[in-house]
Amino acid sequence: MSSTPSPTPERPTIGVFDSGFGGLTVLRELLRLVPHARYIYLGDTARLPYGSKSHETVARYAVSSAHFLADQGADHLVIACNTATALALDDIRAALLIPVFGVIEPGAQAALSASHKSLFRSAPERTKQVDGGAEKHASPTTSHHAPPPKPAHALVLATSATTQSHAYTRALTALGLRATEKACPLLVPLVEEGWISHAVTAEVLRIYLLEALCEAPDASILLLGCTHYPLLRPLIENTLHELHHPMYVIDSAEATARAVSALLPPSASTEPPASTFYATDSIEKFQRLGSAFLGHPLNEVHLLDLGG
Ligand code: DGL
């Protein structure tokens with residue numbers, strides 16, 4: 001018997017929530033991969049950043065935002081914020097009756113898929129192959145005595161609250177990968193300033209990556225564990241190139257949209273996507289910064305007061 005759900009004429013209404021603008025990188029991917037849905041996006045800009053706040057505070061903010069989206073008619077919820085997923089996924093799932101997706105599990109699954117790609121075996125293995133052609137010349141006897149390869153090592157860049165929770169380490173080690181987390185607290189304000197290819201950001205990124213790679217020299221996968229980092233992807237790839245440390249870069253935003261798309265039943269709807277936006281602080285700032293994250297101008301944004 002096929003397990004494929006039968007097509008439904010209904011369009012899903014997907015609530016997408018983030019501490020601010022960054023989750024629009026997830027919405028951008030959702031619009032690409034699940035174009036038939038209706039979207040309600042909430043950016044809790046008045047209480048941003050979440051990445052430097054305590055577990056209790058983030059959970060309280062995130063649950064109130066999730067309730068708002070469910071009250072607006074969302075039948076699915078995507079927590080587009082890595083910090084809120086790390087600290088409040090269980091609280092949100094306990095508070096709502098609708099399916100709730102976070103960004104961490106899909107990011108970890110994407111890291112696992114990347115680890116299967118031979119090009120991205122651990123760095124020393126790659127070097128061995130380049131230097132000595134070890135793989136090409138290995139005989140069955142030598143490979144028989146070779147120690148089993150270590151699991152691939154993923155380096156996660158994220159906010160301080162996310163790294164302190166170790167949610168990514170738990171998700172990655174549960175899949176058999178090794179993990180090192182690196183807090184990069186300066187990157188969110190730099191991205192929000194629009195300095196996505198600025199020399200200062202490049203230098204900050206170089207320092208963070210050098211520090212992280214000292215701790216994890218054989219890391220071959222780089223997981224972008226914060227909504228803002230996909231905007232820095234060209235700069236990150238360029239920095240890795242300059243450091244002679246190529247890595248497989250994973251964007252949790254794209255991985256999450258793929259996970260949502262895989263779990264939603266196929267829809268018969270041919271209507272174009274529809275999005276409604278809410279922000280808890282300046283509408284003007286949300287429209288201005290949000291368009292960079294979303295990749296196109298935002299139309300109407302509603303101001304919302306969720307309290308303190
Ligand atoms: N959205 C947050 C995250 O993905 C970054 C911004 C913040 O600290 O609130 O972790």
Side-chain angles (χ1 to χ4, degrees), residues 15-30 41-66 69 77-89 91-92 100-108 110 156-169 171 181-196 201 204-205 208 222-233 236 249-257 277-282 285-286 289-290 292-294 306 308:
V16 182
F17 151 67
D18 180 43
S19 55
F21 325 95
L24 291 166
T25 55
V26 178
L27 180 61
R28 185 177 63 194
E29 295 302 320
L30 283 164
Y41 182 94
L42 167 58
D44 191 9
T45 40
R47 305 189 288 195
L48 173 118
Y50 282 15
S52 54
K53 296 200 168 70
S54 70
H55 184 149
E56 291 71 22
T57 301
V58 171
R60 183 160 53 85
Y61 290 173
V63 169
S64 71
S65 299
L69 289 168
L77 181 75
V78 177
I79 311 170
C81 177
N82 290 258
T83 306
T85 303
L87 274 62
L89 179 63
D91 299 81
I92 294 173
V100 178
F101 300 85
V103 284
I104 291 182
E105 186 58 38
V156 183
L157 306 185
T159 65
S160 302
T162 300
T163 57
Q164 279 160 22
S165 78
H166 297 304
Y168 267 108
T169 293
E181 293 172 281
K182 172 73 180 165
C184 305
L186 294 176
L187 295 183
V188 166
L190 286 167
V191 171
E192 299 227 336
E193 202 51 46
W195 287 18
I196 55 173
T201 314
V204 168
L205 196 54
Y208 280 146
L222 184 68
L223 221 159
L224 308 183
C226 173
T227 47
H228 288 54
Y229 303 170
L231 270 77
L232 295 175
R233 190 172 179 148
I236 289 171
V249 180
I250 289 175
D251 171 351
S252 292
E254 188 187 338
T256 302
F277 298 95
Y278 293 90
T280 55
D281 194 19
S282 165
K285 190 174 179 193
F286 191 87
L289 286 181
F293 286 88
L294 191 58
L306 285 175

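In this chain, numbering begins with 1 at the start of the sequence shown. In this text the structure is predicted, and so the values were computed from the model without any measurement. Read the numbers this way: they start at 1 and go in the same order the structure lists the ligands and their atoms. Basis for what follows: all heavy atoms, side chains included, without hydrogens, waters or symmetry-related copies.
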Does any N or O atom in Tyr50 lie less than 3.5 angstrom from one in ligand 1, N or O only? yes
Which is it for Thr159 and ligand 1 at heavy atoms under 4.0 Å: side chain, backbone, both or neither? side chain
Examine ligand 1 and decide if any of its atoms is less than 4.0 Å from a heavy atom belonging to Gly20. no
Quick check: do Tyr229 and Leu222 have side-chain heavy atoms less than 4.5 Å from each other? no
Under 3.5 Å between some N or O of ligand 1 and some N or O of Gly51? yes
Give the numbers and elements of all ligand 1 atoms closer than 4.0 Å to a heavy atom of Ser19. 1 (N), 2 (C), 6 (C), 7 (C), 9 (O)
Within the 4.0 Å heavy-atom shell around Asp18, which atoms of ligand 1 are there? 1 (N)
Could you tell me whether the side chain of Tyr41 and the main chain of Leu24 form a donor-acceptor pair under 3.5 Å? yes
Among all protein heavy atoms, pick the one closest to atom 10 (O) of ligand 1 and tell me residue, atom and distance. Thr83 OG1, 2.6 Å
Applying ring pair (Phe, Tyr, Trp, His ring centres under 6.0 Å), name anything that partners Tyr50, two or more places apart in sequence or on another chain. Tyr61
Taking salt bridge (charged side-chain N to carboxylate O under 4.0 Å, His left out) as the cut-off, I'd like each qualifying pair that reaches into residues 45-62, sequence neighbours left out, listed once. Asp44-Arg47
Quick one, Asp18 and Val26 - any side-chain contact, counting heavy atoms below 4.5 Å? no
Return yes if some donor-acceptor pair links the side-chain N/O of Thr280 with the main-chain N/O of Ala46 below 3.5 Å, else return no. yes
Exercise: identify the closest heavy-atom pair between His55 and Asp91: NE2-OD1, 4.3 Å
For ligand 1, which part of Pro49 has a heavy atom less than 4.0 Å away: the side chain, the backbone, both, or neither? both
Quick check: His228 and ligand 1, any N/O pair under 3.5 Å apart? no
Quick one: does Phe293's side chain get under 4.5 Å of Thr227's, heavy atoms only? no
Could you tell me whether Val103 approaches ligand 1 through its side chain, its backbone, both or neither, with non-hydrogen atoms closer than 4.0 Å? neither
Is there any N or O on Thr162 that sits under 3.5 Å from an N or O of ligand 1? no
